[in-house]
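Please read these numbers as outputs of a predicted model, since none were measured by experiment.
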Amino acid sequence: MAAFRSLFVTSEEDLLEAASMPSIGLFLLMGEMMESTLPELLFGLGASRSGSAPAMALVRSHAVLEGLRDVRFDLDGVLVAPWTSEQVVAHVRSLYGQKSLRRSKTPRQLHGFQMVRGRLSIEYAGRQVLLTPAEFEIARVLLRHLDAPVSRKQFPHGPRTSDDKEGCRSLDALMSRVRRKIESIVAGEFKVRSLYGVGYTLERARRVAK
């Protein structure tokens, strides 16, 4: 086990950044602490820069696993509580040196969307559009937070401070292109909407047609 490099992350952004680090060989997704976001985390990890490291989740009940059925990228290992430290170590050993099994499986979709980082594309209902790297990252954030507001600071190319006007303009320009591209393939089923004083949201049509 000495060959493993340990990394403690405290946020979703840290986890996705770790996915791009070739020296990190395994991710433990602690499902009992983030049950509601585990599907989105797995999707984001799969669409991240590498997404090739095995991902294992420690969850507190089989009910959590039921909520993972529609996750685009599968887990490579899972332990349901109660587990022991010995069981965790044994599971990690079994995955050591392996690449993620998720890459070799037919990818499933999240909310009907499929994001393919290798092609920098987003697909919906058989329709595809290509994006730039910056647009891809913005689209990924919008999709992870479907039907929820996303502040400007949550976007990777957003402003770093409340008075960062240049950052706001840059994000607005990128968002305009992302909105146009997403809405060109969703046939009115989804809409990117500006939220005054907050940021943006990607919403289902049934929520915006009021």
Side-chain angles (χ1 to χ4, degrees), residues 9 11-22 24 27 29 37-53 55 70-75 99-100 102-160 164 166-195 198-205:
V9 297
S11 69
E12 178 180 355
E13 288 71 23
D14 290 341
L15 178 64
L16 296 178
E17 180 64 24
S20 70
M21 301 168 64
I24 304 299
F27 296 95
L29 302 180
T37 60
L38 187 53
E40 288 76 16
L41 282 172
L42 288 172
F43 175 80
L45 187 61
S48 69
R49 297 177 185 84
S50 66
S52 61
D70 296 326
V71 176
R72 179 171 177 253
F73 289 88
D74 291 329
L75 286 162
K99 288 188 176 181
S100 174
R102 293 169 290 141
R103 284 299 189 187
S104 61
K105 295 183 178 181
T106 301
R108 292 200 289 265
Q109 299 178 340
L110 184 65
H111 311 306
F113 289 89
Q114 180 175 328
M115 299 192 74
V116 184
R117 170 163 289 281
R119 296 199 302 268
L120 287 176
S121 69
I122 182 169
E123 301 174 8
Y124 184 79
R127 298 178 292 271
Q128 175 182 280
V129 66
L130 300 179
L131 301 92
T132 67
E135 292 167 356
F136 186 92
E137 292 301 324
I138 287 175
R140 183 173 60 79
V141 172
L142 286 171
L143 187 54
R144 281 208 321 272
H145 299 279
L146 181 68
D147 288 331
V150 184
S151 73
R152 291 173 177 272
K153 292 181 182 180
Q154 286 179 266
F155 291 101
H157 297 276
R160 299 301 92 189
D164 181 3
E166 183 177 347
C168 288
R169 287 193 296 269
S170 175
L171 176 62
D172 290 343
L174 281 169
M175 190 63 69
S176 177
R177 299 200 297 268
V178 171
R179 174 191 281 122
R180 213 165 40 243
K181 291 183 177 183
I182 289 179
E183 294 182 0
S184 72
I185 63 172
V186 296
E189 295 181 44
F190 297 85
K191 183 177 180 63
V192 177
R193 187 162 66 90
S194 300
L195 301 175
V198 178
Y200 296 89
T201 183
L202 175 63
E203 293 185 337
R204 303 172 200 264

K181 side chain to L130 backbone, donor-acceptor under 3.5 Å
yes
Mind checking side-chain hydrogen bond (donor to acceptor under 3.5 Å, both in side chains) for S184 and listing every partner two or more places apart, or none if nothing turns up?
none
Quick check on side-chain contact (heavy atoms from CB on, under 4.5 Å): which of L174, L142, V178 does F155 satisfy it with?
L142
For I182 and Y124, run side-chain contact (heavy atoms from CB on, under 4.5 Å): C-alpha distance rounded to whole Å, both residues' side-chain angles, the deciding distance at 0.1 Å, then the answer.
CA-CA 9 Å; I182 289 179; Y124 184 79; over 6 Å; no
[X] and [Y]: which non-hydrogen atoms are nearest, and at how many Å?
{"X": "E203", "Y": "D147", "result": "CA-OD1, 3.3 Å"}
{"X": "A139", "Y": "M115", "result": "CB-CE, 3.9 Å"}
{"X": "G188", "Y": "A205", "result": "O-CB, 3.1 Å"}
{"X": "A187", "Y": "R127", "result": "CB-NH2, 3.7 Å"}

How many angstroms lie between atom [atom1] of [X] and atom [atom2] of [Y], to the nearest 0.5 angstrom?
{"X": "Y200", "Y": "I138", "atom1": "OH", "atom2": "CD1", "answer": "9.0 Å"}
{"X": "H111", "Y": "L146", "atom1": "NE2", "atom2": "CG", "answer": "4.5 Å"}
{"X": "L202", "Y": "F190", "atom1": "CG", "atom2": "CZ", "answer": "6.5 Å"}

In chain order, what residues pass the side chain to side chain contact (heavy atoms under 4.5 Å, CB included) check against L195, with sequence neighbours excluded?
P149, R193, V198, T201
Check the pair S194, M175 against side-chain contact (heavy atoms from CB on, under 4.5 Å), reporting the backbone distance first and the verdict last.
CA-CA 9 Å; S194 300; M175 190 63 69; over 6 Å; no
Can E137 and R140 be counted as an ion pair, charged N to O under 4.0 angstrom?
yes
Beyond-backbone contact of K191 with V186, side-chain heavy atoms, under 4.5 angstrom
no
Output all residues satisfying salt bridge (charged side-chain N to carboxylate O under 4.0 Å, His left out) with R177, sequence neighbours left out; order by chain, then residue number.
E135
